[in-house]
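Below: one structure, written as structure tokens.
Below, each value reflects all heavy atoms present in this structure, side chains not excepted, and no hydrogens, waters or symmetry copies. The residues of the chain are indexed from 1 along the displayed sequence. Counting convention: from 1, in listed order, for ligands and their atoms alike. All values reported here derive from a predicted model rather than from experimental measurement.
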Amino acid sequence: MTNAQHTPVVPLEAGASPENPPCPACGEPLFGWLAPRPGLAGAVKRCESCGLGVVGEDADPEEALRELDRRREGEWVRIDNRDSFAGSLGSAGWAGLAPDSRYLFTVESVRRLIARRDQVVAASRWQPLASIAATWQTLLNSVTFGHNVALGALGDSRLAAPAAKPWQRRIDALASVVLAIPAALVALPIELAGGLFRRGAVLRLRRQLL
Ligand SMILES: [Zn+2]
């Protein structure tokens, strides 16, 4: 008899507790991922099964579905993919952690969530330009005090959480300019690989009724 046959198998559900509430998409327990940080509503938990991330407490499937609806663009919904290379490499610096984030989606978590409405993911499209920008910002976030400073300055201030002190904000602005091109040169191959291996940073998904 080998050792493998003696290894007890513990189902993920056994980990459920008040600290590990069920994932609103798939029901498996959520585990701690990131500590609270400025610009976020609380600590971040993640599901090891479907990949959904939850910021703060009291995750709820209906609320997650409503957040998905808010991301609608015509027939599609646009998500920052937590299961992207940018999300894996960036961790707390991942650009998808915008200040208003509550649910951090993956394709699998969207699939599980919309099954409650008898919907399926009919198509998934990688968004190259938005993805390269998100990966670029993720790299810059690793050297700045604030979060998403460059994308905020380029237009979408809702994404940004500037540093607290003026001198930090000045260093962030300088670092974003000086490192813009080197970060782009690194972001490009990461994101092209992301597109190729279905781990792109920004995706559009088309939902369809069963
Ligand atoms: Zn899940």
- Quick one: does W94's side chain get under 4.5 Å of L34's, heavy atoms only? no
- Query: Knowing that exactly one of Q127, E191, R125 qualifies, which makes a side-chain contact (heavy atoms from CB on, under 4.5 Å) with V202?
  - Reply: Q127
- side-chain contact (heavy atoms from CB on, under 4.5 Å) test vs W126 passes for just one of L192, N81, L196, namely L192
- Message: Quick check on I181: does its CD1 atom have over 12 non-hydrogen neighbours (other residues, nucleotides or ligands) under 6.0 Å away?
- Response: no
- Item | Whether over 12 other heavy atoms sit under 6.0 Å from D69 CG |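 For D69, atom CG is crowded (more than 12 foreign heavy atoms under 6.0 Å).
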- Query: If you leave out waters, which protein N, O or S atoms are less than 2.8 Å from the Zn ion (ligand 1)?
  - Reply: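 Less than 2.8 Å away from the Zn ion (ligand 1) sit C23 SG, C26 SG, C47 SG, C50 SG.
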- L52 CG to R112 CZ distance, which is reported to the nearest 0.5 Å: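 So the CG of L52 and the CZ of R112 are separated by 11.0 Å.
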